[in-house]
Visitor: 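Below is the structure I would like to discuss, written out as structure tokens.
The chains referred to below are lettered A, B, ... by the order of the sequence lines, with proteins before strands, and numbering in each begins at 1. What you see below is based on every heavy atom in this structure, not just the backbone, and it leaves out hydrogens, waters and symmetry mates. It should be emphasised that the depicted structure is a prediction, and the values quoted were computed from it without experimental measurement.
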4 protein chains.
Amino acid sequence: MKRKDDRKVGQIFQAALKLVVSKGLSGITMGDISKAAGIATGTLYVYFKSKDELINALFAACRENSVAHSFKGYDPAQPYKVGFKHVWLNILRYRLHNFEEAVFMEQCYHSPFITPETREKASRLAAPYNELLERGKKEQLLKPVDTGLLITFLVGSMNELVKQTHYHGTTLTRTRINTTFDMCWDALKS
Amino acid sequence: MKRKDDRKVGQIFQAALKLVVSKGLSGITMGDISKAAGIATGTLYVYFKSKDELINALFAACRENSVAHSFKGYDPAQPYKVGFKHVWLNILRYRLHNFEEAVFMEQCYHSPFITPETREKASRLAAPYNELLERGKKEQLLKPVDTGLLITFLVGSMNELVKQTHYHGTTLTRTRINTTFDMCWDALKS
Amino acid sequence: MKRKDDRKVGQIFQAALKLVVSKGLSGITMGDISKAAGIATGTLYVYFKSKDELINALFAACRENSVAHSFKGYDPAQPYKVGFKHVWLNILRYRLHNFEEAVFMEQCYHSPFITPETREKASRLAAPYNELLERGKKEQLLKPVDTGLLITFLVGSMNELVKQTHYHGTTLTRTRINTTFDMCWDALKS
Amino acid sequence: MKRKDDRKVGQIFQAALKLVVSKGLSGITMGDISKAAGIATGTLYVYFKSKDELINALFAACRENSVAHSFKGYDPAQPYKVGFKHVWLNILRYRLHNFEEAVFMEQCYHSPFITPETREKASRLAAPYNELLERGKKEQLLKPVDTGLLITFLVGSMNELVKQTHYHGTTLTRTRINTTFDMCWDALKS
DNA sequence: CATGAATGAGATTTCATTCAT
DNA sequence: AATGAATGAAATCTCATTCAT
């Protein structure tokens, strides 16, 4: 992706995300995206040389954004559970406020659009999460099981919670958030 | 005359599911499906009057299948946790053995294919799960929180576990299964 | 066309005619025809070996019917104008009561369905009309112009009259009929 | 950017008309039209969003053209019969030179293509003809009968004449034209 | 004979991409 | 760089015809 006008790339990404939520990854066309972004179809090709590249770039951008936000304000000096909850809340908030990204990522998971390279690049970004959970196990606060399994639980429950919240219009009160966190913690704690 | 062959619908469904896993929902065409099902493209239209209808029918069938399997062998007379684990294992096994269906369902969720009617029909099938969790709350074995939240944990963690297992080729040993069940139970138990 | 069941051929013809009026010659399919005739699609091919043959057979049948009715009750011994009006009325009545046939014939005129053979067979049936007009010229009652031109006038005005009557729901009173006949006669009379 | 070329619509219309004459309305395909117009099939959809819309637009255009030509050079100040013959000749000439349009219109009449809106729009354009005949009745030159009936004769005889001329290769000599006009006038005059 | 499911060629339509302006 | 008309390959869908029952 070239660097002609970064605002335009943002418009394109926003347009694509909105469309994926409403029409699904399989339903969006370059025409739709350009229209929603307020530019001409041909202009898309100034920024991305194909639909594939556009989707991959968006996937990578979402992933980076998401990880970056997760650890904002995380202070390793704090007690483990405090830091863990901080990250957990970061993730929750990020996904709720950027629901479109979450949907897009899920749709991408089984699509032929995402290349192995992009996929691998994404999984490399998971390192900080691994470290966080390893630390918990080292401090004997988390169950001494495979880290992958712990992440699975963390991610899976979070994903579903965000979807539920979004679709059923449940407002996430402080109490509900705490309840949910407690459930997650109960699952992971040793 | 040639009689409409009921097995043919099954072949079509199998073909479509296989293709969604390998090429994504956006990648499958009626031509691909018919070829994979070993019939002529036109024949698809004998059974479904459009691609839309085919996808909706498959979606509904998957959902029904899945629910039906979940409660196979479930005996309400047994102690709660025993029955709960039985259902949990049913779901896990079903999803692992029918991974294609899970992928398909996920891809469908945000697609323009699934009509509101299909969606509603699907959600009506969730009733048995609700009842199972309500019973747990009544027996004071599960946390006295919103049933939706309990299901969220159940489903979310399971989904992610299945995906992980499938993609990372982890073999689900008896131990690993029990560990995972314990995490789930810990999250839900009061 | 074979002779399996003449009533069935009639049903097929009726169905085809009805459909041509409502959907046009270009809009009818063998499926439509069979459904409207209350038989299976395959059965059509017992009676006609192709769609082309069906259309041609129907065309020929309509044409024969129409000519046969035109001269019913015509008595050459009567004075010319009386006989002429008799035929004119026959044609008018026939077309009004068999409007579907008229529409079908018109649609066929410029269609590639009708083969040259069918077309020629049809024009051979025009002989009686020619004779009728020749006689009028011989008796010096009609204008001494090309017979084709006279027929053109006769047919053209009749066609349009029938369409008008049918579509605008005008009821053809005896007076209106007489007025119309007079106009036609005025055009042709010497 | 490439500018939409207004002549392209004309090319498309010409191509469609030519094809309807040679293959009938049921025989033309979007592929044929585009090929005959010298453009890619997809380009047709830049100008018309479906085959239906193309046919309707062509129908409307033909109708407008035809009416516009009919009154070219008509001067209400001239004696009635002179003006009437002028219009009559205009129509005749137009139909002979634009035979394809006439065929197309006829085929369209009973086709599922033409929408009620298009049909109504077309009939509204008949007003000038009505006025012309009303004037003739007011001047007591035409029979005091329903205007619709007068138009019926005018149009019906003309249509058939044009068809005859076209198909039987009769050359329309000045004499033949005058003869025909006289027949028409005799039919209508009081 | 009658049936209607099955076929596949061909029709309509879509859409990623290119290109002239 | 930006535009959107033009393209044509590929997708969806239709339908005359065949064929197994």
Visitor: Between the protein and nucleotides 13-15 of chain E, are there any N/O to N/O pairs under 3.5 Å, and if so, what are the atom names and distances?
Guide:
from	atom 1	to	atom 2	distance (Å)
E/dT13	OP2	D/Tyr45	OH	2.8
E/dT13	OP2	D/Lys51	N	2.9

Visitor: Across the strands shown, which category fits B/Leu44 at heavy-atom distances under 4.0 angstrom: base, sugar-phosphate, nothing?
Guide: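 It contacts nothing in the nucleic acid.
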
Visitor: Heavy atoms only, 4.0 Å cut-off, all strands: where does C/Ile28 land among base, sugar-phosphate and nothing?
Guide: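 Sugar-phosphate contact only.
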
Visitor: Heavy atoms only: give me the nearest D/Glu64-D/Leu125 pair and the separation to one decimal.
Guide: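 Result for this residue pair: CG-CD1, 3.7 Å.
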
Visitor: Would you mind listing every side-chain hydrogen bond (donor to acceptor under 3.5 Å, both in side chains) that reaches into residues 8-17 of chain B, with sequence neighbours excluded?
Guide: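 Of all non-adjacent pairs touching residues 8-17 of chain B, none passes side-chain hydrogen bond (donor to acceptor under 3.5 Å, both in side chains).
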
Visitor: List DNA chain F stems (3 or more consecutive Watson-Crick/G-U pairs, under 3.5 Å)?
Guide: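 The stems that DNA chain F takes part in, listed by first number, are E:2-21 with F:2-21.
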
Visitor: List for me each residue that meets side-chain contact (heavy atoms from CB on, under 4.5 Å) alongside D/Lys51, sequence neighbours excluded, and say none if there are none.
Guide: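 Expected list: D/Met30, D/Ile55, D/Phe113.
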
Visitor: Between B/Glu120 and B/Arg124 (salt bridge meaning N to carboxylate O under 4.0 Å), is one present in this structure?
Guide: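 Looking at B/Arg124 together with B/Glu120, the answer is yes, because their closest N to O distance falls below 4.0 Å.
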
Visitor: Closest nucleotide of DNA chain E for C/Gly38 versus for B/Lys8: which of these residues is on the 5' side?
Guide: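 Upstream on the strand: C/Gly38.
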
Visitor: Quickly work out the B/Tyr47 OH to F/dC13 P distance and round it to whole Å.
Guide: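 Nearest whole value for this atom pair: 18 Å.
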
Visitor: Please list all pairs meeting side-chain hydrogen bond (donor to acceptor under 3.5 Å, both in side chains) that have one or both residues in residues 22-40 of chain B, counting only residues at least two apart or in different chains.
Guide: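 As it turns out, the side-chain hydrogen bond (donor to acceptor under 3.5 Å, both in side chains) pairs with a partner in residues 22-40 of chain B, which skip direct neighbours, are B/Lys23-B/Asp32, B/Thr29-B/Asp32, B/Ser34-B/Thr41.
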
Visitor: List the residues meeting side-chain contact (heavy atoms from CB on, under 4.5 Å) with D/Ala102, not counting sequence neighbours, and say none if there are none.
Guide: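 Once residues adjacent in sequence are excluded, D/Ala102 has no partner under the side-chain contact (heavy atoms from CB on, under 4.5 Å) criterion.
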
